[in-house]
Number of protein chains: 2
Amino acid sequence: MTPSATSTRVPSKPTGLECRMAVLGADVRLTPHRREVFDVLAASTDHPTAYDILDRVKARSPGISLATVYNCLDHLTSAGLIKQVHLERGQSRYCANLHEHVHFHCETCGKVIDAHPATDFDPAKFWNLPKGTRITRTDLAIHGTCDACAAK
Amino acid sequence: MTPSATSTRVPSKPTGLECRMAVLGADVRLTPHRREVFDVLAASTDHPTAYDILDRVKARSPGISLATVYNCLDHLTSAGLIKQVHLERGQSRYCANLHEHVHFHCETCGKVIDAHPATDFDPAKFWNLPKGTRITRTDLAIHGTCDACAAK
DNA sequence: TTTAGAATTGGAATGATTCTAAAGCAAGTC
DNA sequence: GACTTGCTTTAGAATCATTCCAATTCTAAA
């Protein structure tokens, strides 16, 4: 194994992942597999499933197992470095975009795209929640037909 | 089997379900099991899972199977008479509330409550979606701590 | 260099749901 | 009123996504 593939908490070559860890103060041991899983996800805009990620990581690490992909995704998710997305039942999808955004899901082609806020959004302004309720996060999924499918 | 338990499309005793079918123009054969599944759900405010519904329906129809509950839920859902809710991966939950609302999920006790809009909400005003996108529905899940759990 | 604690692995196990084939019912037809 | 046709219901098998497990390998610190 080459030195650059050794796991470490003090990387010699900072990448997006290390910057993100520094900004978030996340403490995850950075193994080669975790880095690859993150890199694959960061390079994807299609909200891949665990199987999609396995396929893509296999190009670099042919021996990686599905269990390891799930394991890496779990660790990265609980460190807050990536997000798990549930649009419908079935496979979970993953997303490396940590900016505030919501997901648009095309019911025709299945594509998922990120939509960023045009203006500030405070859910407590729109929905009546019992007094004393504390909000930690909101998940908005918008379902419909994407522009490409609507044009057909 | 008593006459009132006979399936029909033209009920003699209208219930919430028949009114709802009439309003929505839904066409579902109303079998005793479907009616029971609907009644159980309509009487529940806790967003039960298929298993929860099975338990409750068994009080009236001890012989009903899980497959039938799933089958009834599918038919009622596709007729638009009830809604399927996915708050996290795992079991789907079901909801007979068809008014515009969002779900608040308490991460401490697991409780799910409906929150109704205080004011009009148009997702297209808040998030930048590509031109030509058509929205059919939006699912907002608000996660946090409910008032009871927050008070502890 | 030793050693304790993680990470990784393949395969088994789990949980939720869906499928399947057989049997039961209901509505309309002769 | 028996027959046909098609939906409904059922138990159990199958599937799918994920999680668990026990064995092995790797890493970091002493």
Side-chain angles (χ1 to χ4, degrees), chain A residues 1-12 17 26-38 47-55 57-58 60-79 81-82 84-94 110, chain B residues 1-12 26-38 47-55 57-58 60-79 82 84-94 110:
Chain A
M1 217 177 233
T2 60
S4 69
T6 301
S7 76
T8 173
R9 281 172 206 268
V10 185
S12 49
L17 181 48
D27 182 38
V28 188
R29 195 177 342 172
L30 222 44
T31 68
H33 284 160
R34 290 183 186 170
R35 185 188 297 272
E36 279 159 11
V37 165
F38 178 84
H47 303 78
T49 64
Y51 277 85
D52 295 335
I53 293 168
L54 175 66
D55 282 345
V57 171
K58 269 187 172 165
R60 301 190 141 270
S61 295
I64 195 170
S65 74
L66 180 59
T68 300
V69 170
Y70 272 112
N71 185 339
C72 293
L73 290 169
D74 277 355
H75 280 269
L76 294 169
T77 303
S78 36
L81 295 163
I82 62 172
Q84 197 176 27
V85 182
H86 300 120
L87 285 165
E88 323 193 77
R89 84 167 308 286
Q91 297 173 85
S92 297
R93 295 170 170 278
Y94 296 85
Chain B
M1 218 176 233
T2 60
S4 70
T6 303
S7 77
T8 174
R9 283 174 205 267
V10 185
S12 48
D27 183 37
V28 189
R29 200 192 313 187
L30 221 45
T31 67
H33 284 163
R34 289 182 188 171
R35 185 188 297 272
E36 280 160 10
V37 166
F38 177 83
H47 304 78
T49 64
Y51 278 84
D52 294 335
I53 293 168
L54 175 66
D55 282 344
V57 171
K58 269 187 171 164
R60 300 189 141 272
S61 296
I64 194 169
S65 74
L66 179 60
T68 301
V69 170
Y70 272 112
N71 184 338
C72 293
L73 290 169
D74 276 356
H75 280 269
L76 294 169
T77 303
S78 38
I82 63 172
Q84 197 176 28
V85 182
H86 300 121
L87 285 165
E88 322 193 78
R89 82 169 307 286
Q91 298 173 83
S92 296
R93 295 170 169 278
Y94 296 85

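Predicted model only: the values in this text are computed from it and were never measured. First the proteins, then the strands, lettered A, B, ... as listed; each starts at 1.
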Under 4.0 Å: is that the gap between some side-chain N or O of B:Thr68 and OP1 or OP2 of D:dT9?
-> no
Nearest-Å distance, CG (A:Leu54) to P (C:dG10)?
-> 10 Å
Given C:dA26, is OP1 or OP2 found less than 4.0 Å from the side-chain N or O atoms of B:Arg29?
-> no
For the residue pair B:Gln84 and A:Glu88, establish whether any side-chain heavy-atom pair is separated by less than 4.5 Å.
-> no
Residue from B:Leu54, B:Ile82, B:Thr31, B:Leu73 passing side-chain contact (heavy atoms from CB on, under 4.5 Å) with B:Val37 = B:Leu73
Taking only N and O in the side chain of B:Thr31, is any of them less than 4.0 Å away from OP1 or OP2 of D:dT9?
-> yes
Spacing of B:Asn71 atom CG relative to C:dG24 atom C1', expressed in whole Å | 14 Å
Of the listed C:dA7, D:dT10, C:dT9, the closest approach to the A:His75 side chain comes from C:dA7
Write down the atom of A:Arg34, the atom of A:Cys72, and the distance for their closest heavy-atom approach.
-> CG-SG, 3.6 Å
Which whole-number value in Å describes the distance from A:Leu76 CG to C:dT8 P?
-> 10 Å
For atom CD of B:Glu88 and atom C1' of C:dG15, their distance in whole Å = 15 Å
May I ask you to test the B:Leu30-B:Phe38 pair for a side-chain heavy-atom distance under 4.5 Å?
-> no
Identify the pairs formed between an N or O of the protein and an N or O of nucleotides 16-20 of chain D at a distance under 3.5 Å, and give each distance.
| unit_1 | atom_1 | unit_2 | atom_2 | d |
| --- | --- | --- | --- | --- |
| D:dA17 | OP1 | A:Gln91 | NE2 | 2.9 |
| D:dT18 | OP1 | A:Ser92 | N | 2.7 |
| D:dT18 | OP1 | A:Ser92 | OG | 3.0 |
| D:dT18 | OP2 | A:Tyr70 | OH | 2.2 |
| D:dT18 | O5' | A:Tyr70 | OH | 3.0 |

Spacing between B:Asp52 atom CG and C:dA16 atom C1', to the nearest angstrom = 13 Å
Give a yes/no on whether any side-chain N or O of A:His33 is located under 4.0 angstrom from OP1 or OP2 of C:dA7.
-> no
Side chain of B:Asn71, backbone of B:Thr68: donor and acceptor closer than 3.5 Å?
-> no
Within-4.5 Å side-chain heavy-atom neighbours: B:Val57 and B:His33 = no
With sequence neighbours left out, the residues meeting ring-ring contact (aromatic ring centres under 6.0 Å, His included) with A:His75 are none
CG of B:Leu73 versus P of C:dA16: gap in Å, rounded?
-> 15 Å
Flag side-chain contact, heavy atom, 4.5 Å: B:His86 against A:Leu87 = no
Nucleotide C:dA26, atom C1' - distance to CZ of B:Arg34 in whole Å | 13 Å
Starting from Watson-Crick (N1-N3 plus N6-O4 or O6-N4) and G-U wobble pairs under 3.5 Å, report the runs of at least three that DNA chain D belongs to.
-> C:1-30 with D:1-30
Side chain to side chain, A:Tyr94 and A:Thr77, heavy atoms closer than 4.5 Å = yes
